[in-house]
Amino acid sequence: MRRVGPRVDDLSCGGKNNRVHTLTGIHHVTMPTSDPVVSSDWYERILGFTTLLIEEHENDVVAVLLQHPCGARLLLRGADVQRAALRGYPLFALSVASYTELLHWVEHLTTLDVDHGAVHQAHLGWAVTITGPDLLEIQIRTDQGPTGDDE
């Protein structure tokens with residue numbers, strides 16, 4: 001894979017792309033789920049998210065907003081049709097600092113009996129794919145590519 005376009009540093013904070021107004025980040029990613037409460041429990045227990053907001057409609061929980069200590073936010077929303085269409089497609093990836101940290105995550109996932117694939121080379125780094133609630137896939141990835149030390 002080859003990189004195209006300007007570097008990320010050139011695109012942000014008024015770089016060469018100054019005709020676009022500044023964004024400060026991604027507010028949240030929405031994940032479809034069959035049960036927002038059950039899914040939020042999984043994200044809290046496995047990945048360390050905490051609940052920020054619970055949205056109810058009549059007596060049903062329809063969405064749960066979660067936040068990770070790193071700042072990443074997920075909105076878990078009940079949506080059966082969308083969920084089924086997304087199975088087998090990694091919806092988002094969370095970053096870790098190094099290959100060694102990725103291996104620590106694999107140990108953690110294995111200890112908790114979470115379904116996951118093997119660590120593999122991925123674009124711009126290493127990754128492991130996790131099967132989350134409703135069989136949706138999530139990746140944990142490094143930002144750094146393979147080196148001679150990563151074996």
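Position 1 is the first residue of the sequence; numbering continues from there. Side chains included, hydrogens not; waters and symmetry mates left out as well; all remaining heavy atoms used.
- If you take CZ on R77 and NE2 on H28, they are separated by 7.5 Å, rounding to the nearest 0.5 Å.
- When all heavy atoms of M31 and F92 are compared, the pair lying nearest together is SD-CE2, 3.4 Å.
- Rounded to the nearest 0.5 Å, atoms NE2 (H104) and OG1 (T100) are 6.0 Å apart.
- Not one N or O on the side chain of T51 forms a donor-acceptor pair closer than 3.5 Å with the backbone of L53.
- Remark: H120 NE2 is packed, more than 12 non-hydrogen atoms of other residues, nucleotides or ligands lying under 6.0 Å away.
- Between the CD1 atom of I138 and the CG atom of L47 there is a distance of 6.0 Å, given to the nearest 0.5 Å.
- Nearest approach of I46 to W105, heavy atoms of both residues: O-CZ3, 3.6 Å.
- Of the candidates L76, L74, V64, L76 is the only one forming a side-chain contact (heavy atoms from CB on, under 4.5 Å) with S39.
- With rounding to the nearest 0.5 angstrom, the CZ atom of R73 is 11.5 Å from the CD1 atom of I26.
- Contact detail for A72 and F49: the closest heavy-atom pair is O-CE2, 3.5 Å.
- In plain terms, the two heavy atoms of P32 and A79 that are nearest each other are CB-O, 3.7 Å.
- Contact record, S40 with V37: OG-O, 2.8 Å, taken as the closest heavy-atom pair.
- Taking CD of Q139 as the reference point, atom CD of E137 lies at 8.0 Å (rounded to 0.5 Å).
- Considering OH of Y43 and OG1 of T50, their distance stands at 14.5 Å, rounded to 0.5 Å.
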Please report the C-alpha distance between I130 and D115 in whole Å, then the side-chain angles of each, then the deciding distance to 0.1 Å, and finally whether the side-chain contact (heavy atoms from CB on, under 4.5 Å) criterion is met. CA-CA 6 Å; I130 303 166; D115 187 27; over 6 Å; no
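- With respect to H116, the side-chain contact (heavy atoms from CB on, under 4.5 Å) criterion is satisfied by exactly one of T131, L109, T129, I140: L109.
- Listed here is the closest heavy atom pair of S95 and D143: OG-OD1, 3.6 Å.
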